[in-house]
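Below is one structure, written out as structure tokens; the observations come after it.
The chains referred to below are lettered A, B, ... by the order of the sequence lines, with proteins before strands, and numbering in each begins at 1.
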There are 2 protein chains.
Amino acid sequence: MSLPALNLSGLSFARPTLVRDGVYDHLRRVVLDGDLLPGERLGEVELGEKLGVSRTPIREALMRLVQDGLLVAEANKGVRVRTMTAAEARDAYVVREELDGLAAALAAAQHTPADADALRTALHDLNASPDGEYRTQTRLDLAFHRAITQGARNGALSDLARDLEQRVALIKHQTRTYNAHPETAAQHAAILKAILARDADQARAAARLHVRTFAALVMHNLGELA
Amino acid sequence: MSLPALNLSGLSFARPTLVRDGVYDHLRRVVLDGDLLPGERLGEVELGEKLGVSRTPIREALMRLVQDGLLVAEANKGVRVRTMTAAEARDAYVVREELDGLAAALAAAQHTPADADALRTALHDLNASPDGEYRTQTRLDLAFHRAITQGARNGALSDLARDLEQRVALIKHQTRTYNAHPETAAQHAAILKAILARDADQARAAARLHVRTFAALVMHNLGELA
DNA sequence: ATTGTGGATACTGTATACAATCTGCGGCGG
DNA sequence: CCGCCGCAGATTGTATACAGTATCCACAAT
């Protein structure tokens with residue numbers, strides 16, 4: 001045949017994306033961006049009308065978000081954005097210190113050249129983001145931490161770290177704590193440096209310190225809100 | 001009024017339990033008990049007929065189990081019991097070593113007298129279970145480890161440990177690795193002893209060793225199956 | 001014999017209909 | 001004025017109906 005062969009590399013030829021997945025992604029971003037405040041209610045009919053779909057995919061997306069811990073469901077009373085208590089926030093940070101430390105250590109030991117590039121790019125983008133752009137900063141901060149867990153090359157760790165990151169995002173919005181802390185940039189740099197140097201112990205220590213610093217800041221703000 | 005006051009302690013007066021929750025609990029137990037082998041398909045209509053409910057609550061339960069990582073969904077092709085690869089199993093155990101160690105350390109530091117009782121009871125029940133009763137042993141082993149995370153008094157840790165335990169349960173069924181390893185009982189005893197002695201470091205070390213031992217066993221069996 | 005094609009079947013994805021529960025308000029009685 | 005009852009509206013929970021897609025097998029063409 002004389003026809004040129006199809007180039008399939010990198011094109012997904014418009015796979016039939018499911019409605020419920022689209023709704024899930026949308027709502028997840030809305031919550032993570034802080035557009036819906038903790039405690040706010042998500043009505044099924046209202047969401048359906050706003051997104052132009054029926055209640056069925058809406059409900060399935062909400063179910064998944066509940067399982068993620070981003071929303072809470074009460075029988076016959078719908079779902080709301082989860083409100084983290086001070087104790088839940090502290091708990092999340094205790095675990096996150098351990099998991100982020102592990103992720104950094106593994107990333108130091110196992111990252112590929114492509115991972116290294118992704119890490120450098122992610123941190124550069126984060127540092128280049130303009131002050132006051134909280135939403136952008138929050139997303140880029142999340143992207144940097146995701147790049148670290150990506151470099152750890154551990155599926156279970158990625159999944160669990162994703163869970164924790166989402167909960168922490170909720171706390172941040174709740175306490176209105178953003179990444180403006182002066183030490184943040186230096187700590188990020190220290191983590192990246194240790195990972196690139198393949199110094200697992202140093203990377204773990206730097207990551208744990210970063211979590212502790214941020215946790216203290218958030219818990220302080222949480223205390224003030226109470 | 002002369003009528004005697006109602007005693008509400010401990011009775012839930014037949015609250016209208018949701019169908020989807022019942023289906024979720026049922027299917028979760030079925031998978032965790034190993035009655036459905038990895039790769040096996042779960043048809044919605046078939047489940048609906050078997051349980052006597054419509055597809056709607058079935059789908060919502062399946063959605064939650066997919067999010068839990070127990071099932072995998074493929075677009076327009078239904079859901080199957082997840083098959084863990086050797087790499088995924090190794091990943092899960094790496095993370096579990098860290099989290100179980102943390103849980104044991106926290107439990108040593110923070111457990112209440114009631115937690116202590118629960119721990120002792122759980123281990124006793126496990127040791128008393130007859131050999132060969134794999135399903136019972138698996139459940140009791142899971143209960144013991146749950147008692148530890150319970151003693152840690154950390155909600156986020158409980159949630160994440162639950163996720164990992166479920167994945168590990170999948171691996172166990174897949175490799176047909178049960179708790180018969182001779183060192184298991186001694187290691188369990190060591191963990192319990194350290195926790196009750198409030199020795200966090202020792203508890204962490206004992207828990208990590210236990211995970212490593214078991215992981216090695218499972219990975220060995222996984223290699224043989226390949 | 002093998003490959004490709006067509007259609008029939010079964011199943012998932014989405015929408016809609018029906019049932020049950022919660023919520024808020026107005027009226028009635030104390 | 002306060003509290004309680006009860007109804008009406010709205011919302012969630014479940015069931016069913018409809019649409020789109022994958023799978024399988026028969027059968028024809030090479």
Side-chain angles (χ1 to χ4, degrees), chain A residues 1 3 5-6 8 11-28 30-31 36 39-68 70-83, chain B residues 1-3 5-6 8 12-28 30-31 36 39-68 70-83:
Chain A
M1 51 168 79
L3 289 175
L6 252 56
L8 274 70
L11 69 88
S12 55
F13 61 99
R15 65 146 182 230
T17 171
L18 267 41
V19 175
R20 65 159 178 253
D21 291 339
V23 174
Y24 173 77
D25 292 340
H26 173 76
L27 291 180
R28 186 165 161 274
V30 165
V31 174
L36 257 52
E40 200 159 349
R41 192 168 160 289
L42 292 91
E44 298 172 3
V45 291
E46 178 188 348
L47 289 173
E49 288 169 3
K50 193 166 296 182
L51 301 180
V53 299
S54 80
R55 282 176 56 212
T56 306
I58 298 278
R59 287 177 62 84
E60 295 179 353
L62 292 178
M63 202 69 57
R64 291 172 65 185
L65 292 164
V66 168
Q67 209 69 2
D68 281 346
L70 284 181
L71 308 179
V72 290
E74 219 171 341
N76 296 315
K77 299 205 325 194
V79 305
R80 296 175 176 280
V81 179
R82 177 171 182 177
T83 304
Chain B
M1 52 168 77
S2 59
L3 290 174
L6 254 56
L8 275 70
S12 55
F13 61 100
R15 66 153 183 226
T17 171
L18 267 41
V19 175
R20 65 160 178 254
D21 292 339
V23 174
Y24 173 77
D25 291 340
H26 173 76
L27 291 179
R28 186 164 160 274
V30 165
V31 174
L36 259 52
E40 200 159 346
R41 193 169 160 288
L42 290 90
E44 298 173 3
V45 290
E46 178 188 348
L47 289 173
E49 288 169 4
K50 192 166 300 184
L51 301 180
V53 298
S54 81
R55 282 176 57 213
T56 306
I58 298 278
R59 285 177 64 83
E60 295 179 354
L62 292 177
M63 203 69 55
R64 292 172 63 185
L65 291 164
V66 168
Q67 211 69 2
D68 282 347
L70 284 180
L71 308 178
V72 290
E74 218 170 343
N76 296 316
K77 300 207 320 194
V79 305
R80 296 176 177 278
V81 178
R82 177 171 183 178
T83 304

Nearest to side-chain heavy atoms of [X], which nucleotide of [options]:
X: Leu18(B); options: dG13(D), dT12(D), dT14(C); answer: dG13(D)
X: Thr56(B); options: dC22(C), dT16(D), dT14(C); answer: dT16(D)
X: Arg20(A); options: dT23(D), dT12(C), dT14(C); answer: dT14(C)
X: Asn76(A); options: dA17(D), dA17(C), dT21(C); answer: dT21(C)
X: Pro57(B); options: dG13(D), dT12(C), dA15(D); answer: dA15(D)

Residue that, paired with Arg64(A), satisfies side-chain contact (heavy atoms from CB on, under 4.5 Å) out of Val23(A), Leu70(A), Asp21(A):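 Passing option: Asp21(A).
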Take the protein atom [atom1] of [X] and the nucleotide atom [atom2] of [N], then report the distance between them rounded to whole Å.
X: Arg55(A); N: dG13(C); atom1: CZ; atom2: P; value: 19 Å
X: Ile58(B); N: dT14(D); atom1: CD1; atom2: P; value: 11 Å
X: Arg59(B); N: dT12(C); atom1: CZ; atom2: C1'; value: 6 Å
X: Leu71(B); N: dT12(C); atom1: CG; atom2: P; value: 13 Å
X: Met63(B); N: dT14(D); atom1: CE; atom2: P; value: 15 Å
X: Tyr24(A); N: dT14(C); atom1: OH; atom2: C1'; value: 20 Å
X: Glu60(B); N: dG13(C); atom1: CD; atom2: P; value: 13 Å

Chi angles and distances behind the side-chain contact (heavy atoms from CB on, under 4.5 Å) call for Arg20(A), Met63(B): CA-CA 11 Å; Arg20(A) 65 159 178 253; Met63(B) 203 69 55; 3.8 Å; yes
Ion pair Glu46(A)/Lys50(A), N-O distance below 4.0 Å: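 So Glu46(A) pairs with Lys50(A) through a salt bridge.
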Any Arg41(A) side-chain N or O less than 4.0 Å from OP1/OP2 of dT12(D):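 The answer is yes; a side-chain N or O of Arg41(A) sits under 4.0 Å from OP1 or OP2.
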Distance test, side-chain N/O of Lys77(A) to OP1/OP2 of dT21(C), below 4.0 Å: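 So the side-chain polar atoms of Lys77(A) never come under 4.0 Å of the phosphate oxygens OP1 or OP2 of dT21(C).
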Side chain Arg80(A), main chain Gly39(A), donor-acceptor under 3.5 Å: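 Yes: the side chain of Arg80(A) pairs with the backbone of Gly39(A).
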DNA chain C contacts made by residues 44-54 of chain A, counting heavy atoms under 4.0 Å: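 Those residues are Val53(A), Ser54(A).
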For Asp25(A), all residues meeting side-chain hydrogen bond (donor to acceptor under 3.5 Å, both in side chains), sequence neighbours excluded: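 Testing Asp25(A) for side-chain hydrogen bond (donor to acceptor under 3.5 Å, both in side chains), a comparison that skips the adjacent residues, returns none.
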Heavy-atom side-chain proximity of Val31(A) to Leu65(A) below 4.5 angstrom: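 They are not in contact (no side-chain heavy atoms under 4.5 Å apart), so the answer is no.
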Closest non-hydrogen atom pair, Asp68(B) against Gln67(A):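 Closest approach of Asp68(B) to Gln67(A), heavy atoms only: OD1-NE2, 3.0 Å.
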